[in-house]
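What you see is a predicted model; the values in this text were computed from it and never measured. So you know, we letter chains A, B, ... as the sequences are listed, proteins then strands, and number each from 1.
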Amino acid sequence: MIEFSNYDIIRNLLIATQWTVLLSLAAFAGGISVALCLTAARLTKNPALAGLIKLYVEVFQGTPLLMQMFLCFFGLSLVGLNISAWNAAVLSLTLFTSAFLVEIWRGCIDTLPKGQWEASRCLGLSFLQTLRYVVLPQAFKVALAPSIGFSVQVVKGTALASVIGFVELTKAGTMLNNATFEPFKVFAFVALIYFALCYPLSLTSKILEKKFNVSR
Amino acid sequence: MLDFAALLPYSHVFIHGLITTVEISLLATVLGLVLGVTFAVARQYGATWLSRVVNVYVELIRNTPFIVQLFFIFFGLPSIGFKLSAWEAGTIAMVVNLAAYSTEIIRAGLASTPKGQWEAGKVLGLSFKQTLFRVVIIPAIEKIYPALTSQCIIVMLGSAVLSQISVQDLTYAANFVQSRNFRSFESYLVTAFLYLFLAILMRKAFNLIGKRLFSYRAER
């Protein structure tokens, strides 16, 4: 039997942490892209589109992320797509992230006074120009803090990928636990690494929130 | 291709799982909110050291995944002498999790209380406790009630993870059924909708409770 020293445990956990970071980045990038498309669709003020997006948000916010992952992982293989754990995790986290981001951004865009849209109209700006030069620069400022705050939820969400067999930090933790029989130590390390990843994000979000609240 | 009829013989499994999920969520919500209010008061009005301790707890829980907290409690604590059943570990993990989040939310509500209310309470001869419980707390909760509702729903949905330590909840039922009839997609789809139903029901329940709790507004 191989003996695991503390150094071995931490080294292996850190190797797995790379996958947690990569998965978080992929999911967040994917989530932002999908949420941007959805936000654009919502801004067209088409009632059918708005209804669909509302349903989308309701479904993905109202069901457990774990269930969404199971459905992506087992469901898509049913229709003949052989999907890997990585792809299923990225897909489900992307959908989950986008559902929350689109809702966060909706709030940010809707806080802008309606008069700004009307004023831009009077000044002869087109819809896209209004969006580009008036709405987005302001909305971006407001949206930055809560979006970064939500990225913490994405990093924590990646832990669920361990359940469908993707080897990231949590999965590495359970595997090391099975090898060392030291669950207290192993999971404490795992928790600390997650904390080290998430706390800077939380802190940034908090600082940005204060900064922009003062300037407004 | 889809065969939902294959799930029918297992309906009792789903119902059993649903009941467990509702039970645990209800217990965790009540205990979590009670602790949340307590911690929020300690964080906002307590001594500096107490406030710091609560803050460390809140940040530790908010910045680590629920599943890791669950594994730590279920696998880690027994190794230093606290033996817990899966059900107990799951409930404790949910309470600890919700308490941390609700502390932060309720604290924001308390912080937004106008200073004048505290001063008025003092002038009227109310003690700290009386001012807190008869004047400050309900409007403070009312202000952050939507956020609190969402958080409780998120924690309820998070209970799906409890299946990983063999708590026989709704997700456990879904896993059990799909391992028997190999109808994974149907099983998970139905379960997802049951969760959605629970989430909507919970929001309705919170709205009803909110109406009762904040009925003083209507009396004026």
Side-chain angles (χ1 to χ4, degrees), chain A residues 20 58-80 100 103 149 152-153 155-163 168-171 173-174 177-178 181-203 206, chain B residues 1-2 21 58-82 104 150 153-164 169-171 174-175 178 182-203:
Chain A
T20 288
E58 180 83 14
V59 166
F60 283 98
Q61 292 197 358
T63 55
L65 177 58
L66 186 61
M67 226 14 86
Q68 296 163 22
M69 250 178 217
F70 280 154
L71 278 173
C72 284
F73 191 53
F74 297 105
L76 290 180
S77 54
L78 189 81
V79 286
F100 276 88
E103 189 67 5
V152 175
Q153 307 297 327
V155 177
K156 292 194 297 178
T158 62
L160 292 185
S162 64
V163 178
E168 38 64 78
L169 185 47
T170 306
K171 184 73 184 174
T174 50
N177 173 35
N178 291 340
F181 304 111
E182 289 187 287
F184 191 83
K185 193 159 75 184
V186 171
F187 287 117
F189 280 143
V190 171
L192 279 179
I193 295 175
Y194 273 111
F195 186 79
L197 289 177
C198 294
Y199 190 59
L201 290 171
S202 299
L203 219 53
K206 222 177 241 175
Chain B
M1 194 175 62
L2 289 178
T21 292
V58 168
E59 292 298 343
L60 269 179
I61 297 296
R62 274 162 46 103
N63 288 296
T64 50
F66 179 62
I67 191 170
V68 175
Q69 295 160 13
L70 187 65
F71 285 169
F72 186 78
I73 290 173
F74 186 62
F75 298 119
L77 290 188
S79 74
I80 57 162
F82 293 100
E104 190 60 17
S150 301
I153 292 172
I154 288 174
V155 170
M156 183 276 285
L157 294 175
S159 75
V161 176
L162 299 194
S163 60
Q164 293 308 308
D169 72 334
L170 192 49
T171 308
N175 282 330
Q178 72 96 16
F182 305 111
R183 289 283 164 192
S184 54
F185 191 70
E186 290 89 334
S187 175
Y188 291 131
L189 199 65
V190 166
T191 309
F193 275 100
L194 285 175
Y195 274 110
L196 186 60
F197 170 72
L198 280 184
I200 293 170
L201 208 65
M202 205 163 158
R203 195 171 286 279

Of the backbone (N, CA, C, O) and the side chain (C-beta and beyond), which part of [X] lies under 4.5 Å from a heavy atom of chain A, both, or neither?
{"X": "L189(B)", "answer": "both"}
{"X": "S163(B)", "answer": "side chain"}
{"X": "E59(B)", "answer": "both"}
{"X": "S79(B)", "answer": "side chain"}
{"X": "R62(B)", "answer": "backbone"}

Where on [X] is there a heavy atom nearer than 4.5 Å to chain B: the side chain, the backbone, both, or neither?
{"X": "S162(A)", "answer": "side chain"}
{"X": "A196(A)", "answer": "neither"}
{"X": "E58(A)", "answer": "both"}
{"X": "V59(A)", "answer": "both"}

> Could you walk me through whether L162(B) and F66(B) pass the side chain to side chain contact (heavy atoms under 4.5 Å, CB included) check?
Replying inline: CA-CA 10 Å; L162(B) 299 194; F66(B) 179 62; 4.0 Å; yes

Max heavy-atom pair count under 4.5 Å with chain A, selected residue of [options]:
{"options": "L194(B), I67(B), I153(B)", "value": "I67(B)"}
{"options": "I200(B), L77(B), L196(B)", "value": "L196(B)"}
{"options": "G158(B), A192(B), A199(B)", "value": "A192(B)"}
{"options": "I154(B), L198(B), N175(B)", "value": "N175(B)"}

Should [X] and [Y] count as side-chain neighbours, where that means a heavy-atom distance under 4.5 Å?
{"X": "L66(A)", "Y": "Y188(B)", "answer": "no"}
{"X": "Y195(B)", "Y": "T21(B)", "answer": "yes"}
{"X": "T64(B)", "Y": "F72(B)", "answer": "no"}

> Does the gap between the ring centers of F75(B) and F184(A) come in under 6.0 Å?
Replying inline: no

>> Once rounded to the nearest 0.5 Å, what's the spacing between atom NZ of K156(A) and atom CD of Q69(B)?
In response: 7.0 Å

>> Apply side chain to side chain contact (heavy atoms under 4.5 Å, CB included) to residues F70(A) and V163(A) and explain how you reach the verdict.
In response: CA-CA 9 Å; F70(A) 280 154; V163(A) 178; 3.7 Å; yes

> Between F195(A) and Y199(A), what is the ring plane arrangement, given parallel below 30°, perpendicular above 60°, and tilted in between?
Replying inline: parallel

> Where is the tightest heavy-atom contact between A174(B) and T191(B), given as atom of each residue plus distance?
Replying inline: CB-OG1, 3.2 Å

